[in-house]
Amino acid sequence: MEHKAYGWGYNGSRQYPNQSGKITKPLHCNFLPKDIRLAQIVSTEYRVSYLTANGEVYETGATRSLNNGKLFKYEVEPIRKLTSGFSHVLHLSRTGKVYVSGSQNKPKLNVSTSNSTNPLKLAYFEENEIEIVDIASGYRQNFFISSEGILYAMGLTIGNSTLNFVDQNNKIYTLWDAKKTKESGSVRRIWGGVHSDFIFFSTTENKLYAYGKNTQGQLGVKHQNPVNTPTIVPDFNADEIKDIGCGNTHSTLLLNDGTLYGCGSPQSCGTGFQTHTFKIIPNLKDKTVIEINSGYAHSLALVEENNKINLYSWGTNADGQLGFGDNMSRKTPVKMSIPDFNFEIYPKIFCGNCDSLLYNSIPIDVQDEFKKVFETGDFSDFLISGIKCHKSIIKFRTGKSPEVIKTFLEENYKEKSIESFLKKIYGFSVFSNEIKTISDQLGISEFPKKKFYDDLRKFYYDEDSKDFSIIAKYDEDEEDEEDVEIPVHKLILIIKSGLFREMFQNITEETNSVKDYSGKSMESLEILVKFLYTQKIELTADDDPELIVEELEDAIDYYRLNKNCGLNSELKKIQKQISKN
């Protein structure tokens, strides 16, 4: 089934190059390659940025014209998340590094990005060994959550509280520092918008906070005065909230049960009237909303009804951003019709300043595969306080014996605390002072700061813990050569390969090796196994690059790997190098 993207609304910089001028009805983005697999799309006033499942970033719009039909592509390490403000984009890499691109005219980023052909790295976090686990952008700001639950910000300030600048060069400061994490909990999630001078964030104490501009009461704190210090939003617990949309003078808040609330300007909040507290949006009261997003003064919602998903839009409509073929505003949600879009393939939405996007997405986080086996308990070989887990993951993440971890946790902590600590082991973004305390007590104080990807790469080199072998023939043309064993961790094969996962499900007796019948050389198999850990293909001087590419091109299908595992991207890099030589 074809994955598609549609865009509509403001198009002053030819963000959607297949049409000039404003677009008042959803337009198929047929300029995108048919085989592109999108993980995320965001837009600014001047450009649209496309993040692929392989972590690549493409752009259209100002100074990003199509070149012989090809999209402009950033040369940057694999990215896992994008956020956007009025004229800038923030990039969070899969290794926790942060980059910024776009114009500095509005966001006042204090880094020169206007003429850059590639995103510029914000070095402060890397230089100070601060792991950034989540990001958000505002109209003229950027926000960063560290693995310790500290909230950093840069750009124009949105309150008048005393600021603690940690990097004077790039004007990075803390909004919620280490002292606040001890007093009121670590920051867990954050929400901003392309045209919002305010933010919402939640903490591990189950509180929702609002901060910033509040001219129409859009923060839901029962007044419309500026909120110059983080203030608790009444009526909601943080763990109830699925998502929040931030506009310019309105906000939308979606609960896990599918109930949607609006707050702020009567023109755009969806209730049809101004409100200083979040009120249920009447038009969607008896429906299940599954996703929400808000732009400058409009919003989109994906709604599940009658066993199918529909798209609703509302708000101002000067540029046709509501997608009905006119410029008439709608104060309350109205169902749209896009007959050629398949809502069964991971539909996602995004609201720019005055444009809208609907697209089929693909999840990209490598850690998702490990999170899934924790949630399902599949292939577990260990129990801690009744929670299914895997010895090898505990070992490679903590460096400690699983039995030691089990005994310590069960003797000293309750199940809820144990589950949070185990989730951190499997790569979940869990923040709490208790996790740090447990780590300190176990003598692994660096664990909460450790990056999952780095640990996974190190796991590859831990030969002593490998518990399985793939048997490959050294050279098929040499009959007298003995078979060669390629050591690997069984769990890695289970998580990464559908072929091996099915094999282990059907094997009733314990086995520690299997012969490979793919016909691939030992060199190719060794490179493939290493890729499963590192997401990189590294060739030696003795390797034949053309042979490696030829043998691994069909590996995704043969071994039933995730089609977005990044192998094709790595092979393309090798092919590009071959053509240069």
Side-chain angles (χ1 to χ4, degrees), residues 1-9 23-30 32 34 36-43 48 50-53 81-82 191 193 240-247 251-262 268-271 280-295 298-315 317 320-325 330-352 355-365 368 372 375 563-564:
M1 290 184 286
E2 184 179 357
H3 290 234
K4 291 184 177 181
Y6 285 80
W8 60 98
I23 304 166
T24 61
K25 284 187 175 182
L27 178 71
H28 181 210
C29 299
N30 57 15
L32 295 174
K34 287 188 176 181
I36 195 168
R37 292 295 179 261
L38 296 167
Q40 190 186 6
I41 308 179
V42 301
S43 71
V48 178
Y50 310 86
L51 174 62
T52 72
K81 184 176 182 179
L82 301 174
W191 296 270
E240 294 180 284
I241 297 167
K242 183 175 184 179
D243 205 358
I244 299 177
C246 299
S251 303
T252 50
L253 185 150
L254 177 61
L255 298 186
N256 292 321
D257 66 6
T259 306
L260 183 63
Y261 293 77
S268 50
C269 77
T271 62
I280 292 177
I281 295 178
N283 286 29
L284 302 176
K285 183 177 181 180
D286 298 321
K287 297 178 172 61
T288 301
V289 179
I290 59 175
E291 187 169 337
I292 181 67
N293 204 270
S294 296
H298 78 291
S299 295
L300 296 176
L302 290 172
V303 181
E304 188 176 310
E305 50 187 340
N306 300 322
N307 296 317
K308 66 177 184 177
I309 298 173
N310 290 310
L311 178 64
Y312 284 73
S313 66
W314 67 94
N317 193 32
Q321 59 264 44
L322 298 189
F324 294 107
R330 277 88 169 165
K331 288 186 177 182
T332 56
V334 179
K335 187 189 297 185
M336 298 178 61
S337 176
I338 309 179
D340 293 333
F341 184 81
N342 189 342
F343 282 92
E344 295 180 358
I345 309 177
Y346 300 108
K348 298 287 288 183
I349 50 178
F350 183 81
C351 293
D355 66 316
S356 302
L357 287 147
L358 169 69
Y359 58 100
N360 300 117
S361 71
I362 291 178
I364 64 169
D365 197 338
D368 283 346
K372 186 176 180 181
E375 290 175 332
K563 292 189 180 296
N564 303 293

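- Between the side chains of Ser299 and Thr252, not a single donor N or O lies within less than 3.5 Å of an accepting N or O.
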Should Lys242 and Asn256 be marked as a side-chain contact (heavy atoms from CB on, under 4.5 Å) after you check the CA-CA gap, both sets of side-chain angles, and the distance that decides it?
CA-CA 5 Å; Lys242 183 175 184 179; Asn256 292 321; 3.4 Å; yes
With side-chain contact (heavy atoms from CB on, under 4.5 Å) as the criterion, how do Lys348 and Leu357 come out once you've worked through the C-alpha distance, each side chain's angles and the decisive distance to 0.1 Å?
CA-CA 8 Å; Lys348 298 287 288 183; Leu357 287 147; over 6 Å; no
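- In this structure, CG in Asn360 is found 12.5 Å from CD1 in Ile36, a value given to the nearest 0.5 Å.
- In this structure a side-chain-to-backbone donor-acceptor pair under 3.5 Å is present from Asn293 to Cys351.
- Side-chain contact check for Asp340 versus His28: every heavy-atom pair is 4.5 Å or farther apart.
- The structure places OG1 of Thr259 at 12.5 Å from NZ of Lys287, a figure rounded to the nearest 0.5 Å.
- Shortest non-hydrogen contact noted between Tyr50 and Leu38 is CB-CD2, 3.8 Å.
- The heavy-atom pair separating His298 from Gly352 by the smallest distance is CE1-O, 3.7 Å.
- Summarising the geometry, atom NZ belonging to Lys335 is positioned 12.5 Å from atom OG belonging to Ser313; distances are rounded to the nearest 0.5 Å.
- Considering all non-hydrogen atoms of both residues, Ser294 and Gly247 come closest at CB-N, 4.1 Å.
- Within the model, atoms CG of Leu311 and CD1 of Ile338 stand 5.0 Å from one another, a figure rounded to the nearest 0.5 Å.
- Shown here for Glu305 and Tyr312, the closest heavy-atom pair between the two residues is OE2-OH, 2.8 Å.
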Which is it for Lys81 and Gln40 under the side-chain contact (heavy atoms from CB on, under 4.5 Å) test, yes or no, and what are the steps along the way?
CA-CA 8 Å; Lys81 184 176 182 179; Gln40 190 186 6; 4.1 Å; yes
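- Scanning all heavy atoms of the two residues, the minimum distance from Ser43 to Val48 falls at CB-CG2, 4.0 Å.
- To the nearest 0.5 angstrom, Leu260 atom CG is 11.5 Å from Thr288 atom OG1.
- The shortest side-chain heavy-atom distance between Leu358 and Pro26 does not fall under the 4.5 Å cut-off.
- The shortest heavy-atom contact between Trp8 and Met336 is CZ2-CE, 3.7 Å.
- The distance from the CG atom of Leu254 to the CD atom of Glu291 is 9.0 Å, given to the nearest 0.5 Å.
- Using a 30° and 60° split on the angle between ring planes, Tyr6 and Phe341 fall in the perpendicular class, above 60°.
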